[in-house]
Amino acid sequence: MKKKKGPLILTGVLVILLIVYFGLSSWNKKQDKKEEKETVKVTDLDESTITAIKYQVAAGEMSFEKEGDTWYYSEDKDFPLKQSEPEAIVKAAAQITADRKLEDGDSLDAYGLDDPNYSIEITEEDGTVTTVSFGDSTGTDYYVTVGDTGTVYTVASSVLDDFKTELSDFAQLDEYPSIGSGNLKKEVITENGTTTYDSENEDQEEEIAAVAGGLGAVSLTKVADYSVEDADLAGYGLDEASRITVEATYTKNEDEKTMKMYIGSEDGNGNRYVMLDGSKIVYQISDEVCKNILNQE
């Protein structure tokens with residue numbers, strides 16, 4: 001009889017473990033379902049149907065609109081807009097999640113929602129406009145309401161992090177080629193006549209090294225005008241009558257390519273205005289770099 005107790009005890013322990021296992025599994029499933037139920041969406045829109053978005057946040061205002069498959073900056077359709085930026089903003093606005101929904105809350109003015117601090121206005125292709133208003137801060141959250149529903153939510157303040165207002169964050173700047181003494185074949189400068197520096201001319205080794213150094217030091221990151229009008233080019237010294245034209249022939253992966261740049265007047269702060277041929281963006285690069293490009297003392 002004693003020999004039978006061991007298996008019986010093991011069987012009992014196994015049964016208990018199975019009960020605990022299935023109990024925990026059931027509890028975890030209930031918790032998962034509970035968490036799913038607790039997810040409260042302030043907005044739940046199909047981002048593919050959104051054709052315009054306008055928002056006002058602490059850093060300022062911004063507005064974009066879509067025509068066909070292309071997004072534009074509403075204030076200037078010629079602005080070189082990086083398409084991924086408004087797409088990311090639309091995605092964030094379409095699915096805003098709340099920390100909680102207030103039940104039996106006070107009137108909107110109790111939360112600063114009668115005169116909102118910030119707002120996001122979303123327009124869909126059928127003309128539907130959804131306005132998300134942000135009221136008082138609760139520390140890490142904002143009180144939020146949608147349209148005239150009167151429903152109040154608390155939303156993490158980090159929700160607004162996606163809504164940028166600096167134009168520089170949205171600009172698709174020109175790509176500038178990699179040029180140096182190793183791949184520069186020729187540079188032609190047009191200014192009251194033409195000056196040519198040719199890498200095959202043994203007497204111009206120093207000059208080629210100097211201009212190649214200047215071309216290689218160009219950084220198109222500082223912008224003076226994102227979409228200059230033809231009538232405004234003279235103000236930068238970039239009209240045809242004033243500008244200096246620099247045409248560089250270089251190799252890339254053994255293919256011969258050409259880059260044409262225009263150099264304009266000084267900006268009064270040690271820089272000169274420049275443009276790439278075919279672009280409407282006016283940049284500023286240092287006068288020292290320009291002097292190297294032009295082989296000037």
Side-chain angles (χ1 to χ4, degrees), residues 41-99 108 111-138 140-149 152-175 220-229 232 275 279-284:
K41 291 187 176 181
V42 177
T43 58
D44 188 13
L45 306 174
D46 180 352
E47 60 191 84
S48 68
T49 68
I50 297 175
T51 56
I53 186 163
K54 178 170 63 176
Y55 55 89
Q56 181 266 317
V57 294
E61 300 180 8
M62 197 63 69
S63 179
F64 303 100
E65 53 194 77
K66 189 178 184 181
E67 292 183 6
D69 294 325
T70 305
W71 282 97
Y72 296 94
Y73 173 46
S74 299
E75 298 298 316
D76 180 4
K77 282 197 169 185
D78 290 325
F79 179 83
L81 183 62
K82 190 186 299 181
Q83 294 297 299
S84 60
E85 290 297 334
E87 287 171 358
I89 288 168
V90 164
K91 184 175 182 178
Q95 298 291 326
I96 298 176
T97 302
D99 289 338
L108 294 181
Y111 306 103
L113 288 165
D114 56 328
D115 184 19
N117 292 312
Y118 315 126
S119 64
I120 302 170
E121 184 180 287
I122 308 162
T123 303
E124 296 179 83
E125 57 191 5
D126 64 358
T128 301
V129 177
T130 301
T131 302
V132 183
S133 301
F134 293 73
D136 294 337
S137 169
T138 67
T140 58
D141 292 351
Y142 282 107
Y143 290 113
V144 167
T145 192
V146 180
D148 58 1
T149 61
V152 178
Y153 308 86
T154 58
V155 170
S157 57
S158 59
V159 165
L160 294 176
D161 292 347
D162 292 309
F163 296 86
K164 307 170 186 176
T165 57
E166 290 291 331
L167 272 180
S168 58
D169 291 329
F170 297 98
Q172 181 66 63
L173 302 182
D174 296 305
E175 289 188 16
L220 301 182
T221 56
K222 191 174 182 180
V223 178
D225 194 325
Y226 287 101
S227 55
V228 66
E229 299 289 339
D232 297 327
M275 279 180 67
S279 174
K280 295 178 72 67
I281 306 176
V282 178
Y283 302 92
Q284 292 159 283

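Because only heavy atoms are used, hydrogens play no part in the values below, and waters and symmetry mates are left out as well, while side chains stay in. None of the values given here were measured: they were computed from a predicted structure.
- In this structure, Asp148 places its CG atom where only 12 or fewer heavy-atom neighbours from other residues, nucleotides or ligands lie under 6.0 Å away.
- Heavy-atom minimum distance, Ser279 versus Ile281: OG-N, 3.0 Å.
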Worksheet item: Going through the distances and angles, do Phe170 and Phe64 end up as a side-chain contact (heavy atoms from CB on, under 4.5 Å)?
Response: CA-CA 11 Å; Phe170 297 98; Phe64 303 100; 3.5 Å; yes

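- Taking every heavy atom of both residues into account, Tyr72 and Lys77 meet most closely at CD2-O, 3.5 Å.
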Let me have the donor-acceptor pairs involving side chains of residues 80-93, under 3.5 Å, with sequence neighbours excluded, atom names and distances please.
{"residue": "Gln83", "atom": "OE1", "partner": "Trp71", "partner atom": "N", "Å": "2.8"}
{"residue": "Gln83", "atom": "NE2", "partner": "Trp71", "partner atom": "O", "Å": "2.9"}
{"residue": "Glu85", "atom": "OE1", "partner": "Lys164", "partner atom": "NZ", "Å": "3.2"}

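- To the nearest 0.5 Å, the span separating NZ on Lys280 from CZ on Phe79 amounts to 13.5 Å.
- Rounded to the nearest 0.5 Å, atoms CG (Asp141) and OG (Ser157) are 6.5 Å apart.
- Other residues, nucleotides and ligands place more than 12 heavy atoms under 6.0 Å from the NZ atom of Lys66.
- Put simply, the side chain of Thr43 gets close to the backbone of Ile96: a donor and an acceptor are under 3.5 Å apart.
- Closest heavy-atom contact between Ala94 and Ile50: CB-CD1, 4.0 Å.
- Judged by distance alone, the side chain of Ser133 and the main-chain N or O of Ser119 form no donor-acceptor pair under 3.5 Å.
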Item to complete: Go through the steps to decide whether Leu160 and Phe134 satisfy the test side-chain contact (heavy atoms from CB on, under 4.5 Å), and finish with yes or no.
Response: CA-CA 10 Å; Leu160 294 176; Phe134 293 73; 3.7 Å; yes

Practice prompt. Check step by step if side-chain contact (heavy atoms from CB on, under 4.5 Å) holds for Asp126 and Thr49.
Written response: CA-CA 8 Å; Asp126 64 358; Thr49 68; over 6 Å; no

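- Of the candidates Val282, Leu173, Leu167, Leu173 is the only one forming a side chain to side chain contact (heavy atoms under 4.5 Å, CB included) with Val223.
- Once rounded to the nearest 0.5 Å, the distance linking CG of Asp76 with CD of Glu229 reads 7.5 Å.
- Between Tyr283 and Asp174, the side chains place a donor N or O and an acceptor N or O closer than 3.5 Å (distance only, hydrogens not considered).
- Among all heavy-atom pairs drawn from Val42 and Ala98, the shortest one is CG2-CB, 3.6 Å.
- In the model, Ser74 has a side-chain atom that pairs as donor or acceptor with a side-chain atom of Glu65 under 3.5 Å.
- The aromatic rings of Tyr143 and Tyr111 are tilted relative to each other, their planes meeting at an angle between 30° and 60°.
- When all heavy atoms of Glu61 and Gln56 are compared, the pair lying nearest together is CG-CG, 3.5 Å.
- Taking CG of Leu220 as the reference point, atom CD of Gln284 lies at 11.5 Å (rounded to 0.5 Å).
- With values rounded to the nearest 0.5 angstrom, Thr130 atom OG1 is found 11.0 Å from Ile120 atom CD1.
- Considering Val129, Leu45, Thr51 as possible partners of Glu124, the one that fulfils the side chain to side chain contact (heavy atoms under 4.5 Å, CB included) test is Leu45.
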Worksheet item: Does the pair Thr154 and Asp99 meet the rule for a side-chain contact (heavy atoms from CB on, under 4.5 Å), with working shown?
Response: CA-CA 6 Å; Thr154 58; Asp99 289 338; 3.7 Å; yes

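- To the nearest 0.5 Å, atoms CG (Asp136) and OH (Tyr142) are separated by 10.0 Å.
- Under the 30°/60° scheme for interplanar angles, the aromatic rings of Tyr55 and Phe163 are found to stand perpendicular.
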